[in-house]
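Following: one structure in structure tokens, then a few remarks.
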There are 2 protein chains.
Amino acid sequence: MAPRSAGKNAESSDKVGVICRALRRAIIEQALEPGAKLPEDSLGERFGVSRTIARHALGQLAAEGLVELRRNRIAVVATPSWQEARDAFDIRIELERLVVRQLAGKLTKAQVATLNAHVDAEDGARDGTDAVSIRLATEFHILLAQMTNSPILVRYVSEVAYRCCLTLSLYSRPHSTECAINEHRAIIAALVKGDEAKVMSLMHSHLDSVANRALVAPTPQRGRDLLDILAPYAEEGESDRVVKMPKVVRVR
Amino acid sequence: MAPRSAGKNAESSDKVGVICRALRRAIIEQALEPGAKLPEDSLGERFGVSRTIARHALGQLAAEGLVELRRNRIAVVATPSWQEARDAFDIRIELERLVVRQLAGKLTKAQVATLNAHVDAEDGARDGTDAVSIRLATEFHILLAQMTNSPILVRYVSEVAYRCCLTLSLYSRPHSTECAINEHRAIIAALVKGDEAKVMSLMHSHLDSVANRALVAPTPQRGRDLLDILAPYAEEGESDRVVKMPKVVRVR
DNA sequence: GGGCGCCAAACTGCATGCAATTCAGGCGCT
DNA sequence: AGCGCCTGAATTGCATGCAGTTTGGCGCCC
């Protein structure tokens, strides 16, 4: 078996886990945009399994809030409302404050090295695609959570961080991840120094600024219902301006 | 339909949702103790569905951490370690502080009435079984979370509260829910008064005391591995003292 | 008598098949 | 042309069947 991180949680089974991880990654890298359709058949075919398994994977992802499941309808990548996004960030802030509080001054040398290596990787990926930067930034936070050795905390932080990613792809502008990297470095430094209060406030403001960079206005760019998307076009009734429904990305 | 919180999340489908709710309730009322076996067949038969559905339900519950799924083995009700229990309570405190912070001074009259009614119900159930008291106490917290209108927060608070219930059935002594009721009343009062700081500290100490009442010692009564259970018997090698393995509760 | 190994029963892992529902596009009507 | 109905294709909901794994109990051997 490959040295998968496996974990001992639900999606460990095997095939289901593989599909979950793949989809999760595709979603947070925005290869699958919110609203993208995820038919069981295509998924199953793509991963070489039956619908049963694909279905199960979709169920798991739905439980994490990454996928929306409507009865008798094709599953789609979740499209959080602006309010839900805000809520997610609020929760995330509390959870991650808990993480760094537990971690302050308790990191081993190896852990610090791992963290630094990760931030270096983030740095290196700066001229790659946005998608990768976002994923790496998110994974930094998950990495931190893992160091608490609290499976529950890891799970919640991961989930909520993924959700925030989803949000980012909906409501944020072209993006600027640069400052985030410096903030990550600052957090590591404060953790090493063991200044609990400092690191908590750093994490708080870090996440707060990420949220604010993302959730600038309650009027999304591509967000929510297509009513919003079409609003700007509502005045100019040019018929050839009508966009052909982009036939959202199929998974196969 | 009962005024269930239903929500728009995963287990809405129907049958799967029914099974999830039933099992969840059975678990938190300790009708199913940690470690109890949950064979797909029996579940399916009991609820009049096929294994496919039962399986799916188990998957959902596993994602919530109430059920443990091991490959090729019968699913069992989760048995959180003492450390996991501690972690769960830590997370719960943060989340619920968030809840009451959002709620302070913002409750409608109707909501206050609902809360009071619930606490009255708790009061009325004091001479019922412990199981019911525990469930009601937990539901009070979930009720609060629901009033935030944040589905994500509701989900997380519910999950972690259920987990804590599970813990209680493992590590706590015969129990005393009495004081909890008064603390609930105090929280409502502070919420109405709108004293944010006060209500947050009340909630904090409330949960803290619940946790401490439950997680007294790192040496559980019936908890964890049976190694711990058998430790006291290790010295007296009386053969007729050997307890017949209690053949954990089957679901049918 | 106690421990070890084997075998049948129990159970899970997964695919497939069928019924029910939704979806898309074409046809007729206005 | 525009609008709505209607029908077939696509898709989900669910049960069942088969293969592989685990379980636990019986008999055998020590």
Side-chain angles (χ1 to χ4, degrees), chain A residues 1 4 6 8-20 23 35-63 67-77 226 237-240 242 244-252, chain B residues 8 10-20 23 35-63 67-77 226 237-240 242 244-252:
Chain A
M1 290 291 170
R4 274 279 119 57
K8 55 203 55 159
N9 59 12
E11 86 228 23
S12 55
S13 337
D14 205 11
K15 315 218 194 177
V16 172
V18 170
I19 300 182
C20 279
L23 285 185
K37 294 181 182 175
L38 302 169
E40 298 173 358
D41 289 332
S42 320
L43 249 49
E45 192 182 342
R46 179 69 187 72
F47 288 96
V49 299
S50 80
R51 285 200 306 121
T52 308
I53 305 305
R55 184 183 188 71
H56 203 82
L58 286 174
Q60 296 298 310
L61 292 172
V67 159
E68 209 168 320
L69 239 39
R70 304 107 95 210
R71 187 174 178 85
N72 282 325
R73 312 270 308 265
I74 301 183
V76 295
V77 175
L226 78 172
E238 282 188 36
S239 63
D240 69 331
V242 170
K244 186 175 186 296
M245 257 309 257
K247 188 66 170 176
V248 247
V249 199
R250 293 288 281 272
V251 89
R252 37 175 317 184
Chain B
K8 54 204 50 157
E11 85 228 25
S12 53
S13 341
D14 205 11
K15 314 216 194 177
V16 172
V18 170
I19 300 182
C20 280
L23 285 185
K37 294 181 183 176
L38 303 168
E40 299 174 357
D41 289 331
S42 321
L43 250 49
E45 191 182 341
R46 180 69 188 75
F47 288 96
V49 297
S50 80
R51 283 201 305 122
T52 308
I53 305 305
R55 183 183 188 71
H56 203 82
L58 286 174
Q60 296 297 311
L61 292 172
V67 159
E68 209 168 320
L69 240 40
R70 308 107 96 208
R71 186 171 179 88
N72 283 323
R73 312 270 309 267
I74 301 183
V76 295
V77 176
L226 76 173
E238 280 189 36
S239 63
D240 71 331
V242 170
K244 187 174 187 293
M245 258 308 256
K247 188 66 171 174
V248 249
V249 196
R250 293 288 280 272
V251 89
R252 38 174 320 185

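Reminder, nothing fancy here: chain letters follow the sequence lines and each chain counts from 1.
Here CG of Leu38(B) is found 9.0 Å from CD1 of Ile74(B). Values are rounded to the nearest 0.5 Å. Taken to the nearest 0.5 Å, the CD1 atom of Ile19(B) stands 10.5 Å off from the CZ atom of Arg46(B). The CD1 atom of Ile53(A) lies 7.0 Å from the NZ atom of Lys15(A); values are rounded to the nearest 0.5 Å.
Positionally, the nearest nucleotide of DNA chain C for Ala75(B) lies more toward the 5' end than for the other of Ala75(B) and Gly48(A). A residue-by-residue look at Ile74(B) and Arg70(A) shows that Ile74(B) has its nearest nucleotide of DNA chain C further toward the 5' end.
Closest approach of Ala57(B) to Cys20(B), counting heavy atoms only: O-SG, 3.8 Å. Between Leu69(B) and Gly59(B) the shortest heavy-atom distance is CD2-CA, 4.1 Å.
Of the listed residues (Leu61(A), Val49(A), Val16(A)), just one forms a side-chain contact (heavy atoms from CB on, under 4.5 Å) with His56(A), and that residue is Val16(A).
Overall, the helix from dG1(C)-dC30(D) to dT30(C)-dA1(D) carries an axis bend of 0° between its ends, with five pairs at each end and the value rounded to 10°.
In this structure the side chain of Asp41(B) reaches within 4.5 angstrom of the side chain of Arg51(B), judged on heavy atoms. Within the 4.5 Å cutoff, the side chain of Val67(A) has no heavy atoms near those of the Val76(A) side chain.
Summarising the geometry, the separation between CZ on Arg55(A) and C1' on dT11(D) is reported as 10 Å, rounded to the nearest angstrom. Atom pair Leu43(A):CG and dT11(D):C1' shows a separation of 13 Å (rounding to whole Å applied). Rounded to an integer number of Å, the gap from Asp14(A) CG to dT21(D) C1' is 14 Å. The nearest whole Å value for the distance from the CD atom in Glu40(B) to the C1' atom in dT21(D) is 13 Å. In this structure, Phe47(B) places its CZ atom 20 Å from P of dG13(D), rounding to the nearest Å. Computed from coordinates, the Leu69(A) CG to dT11(D) P distance equals 16 Å when rounded to whole Å. Distance Arg73(B) CZ to dG20(D) C1': 15 Å, rounded to the nearest Å. At whole-Å resolution of the value, CG in Leu58(A) and P in dT12(D) are 8 Å apart.
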Assign a letter to each nucleotide of nucleotides 16-21 of chain C from its 5' end: B, base within under 4.0 Å of a protein heavy atom; S, sugar-phosphate only; -, no contact.
BB---S

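Side-chain atoms of Lys15(A) lie closest to dA15(C) of the nucleotides dA15(D), dA15(C), dT12(D).
Residues passing the salt bridge (Lys or Arg N to Asp or Glu O under 4.0 Å) test with Arg55(B), sequence neighbours excluded: Glu40(B).
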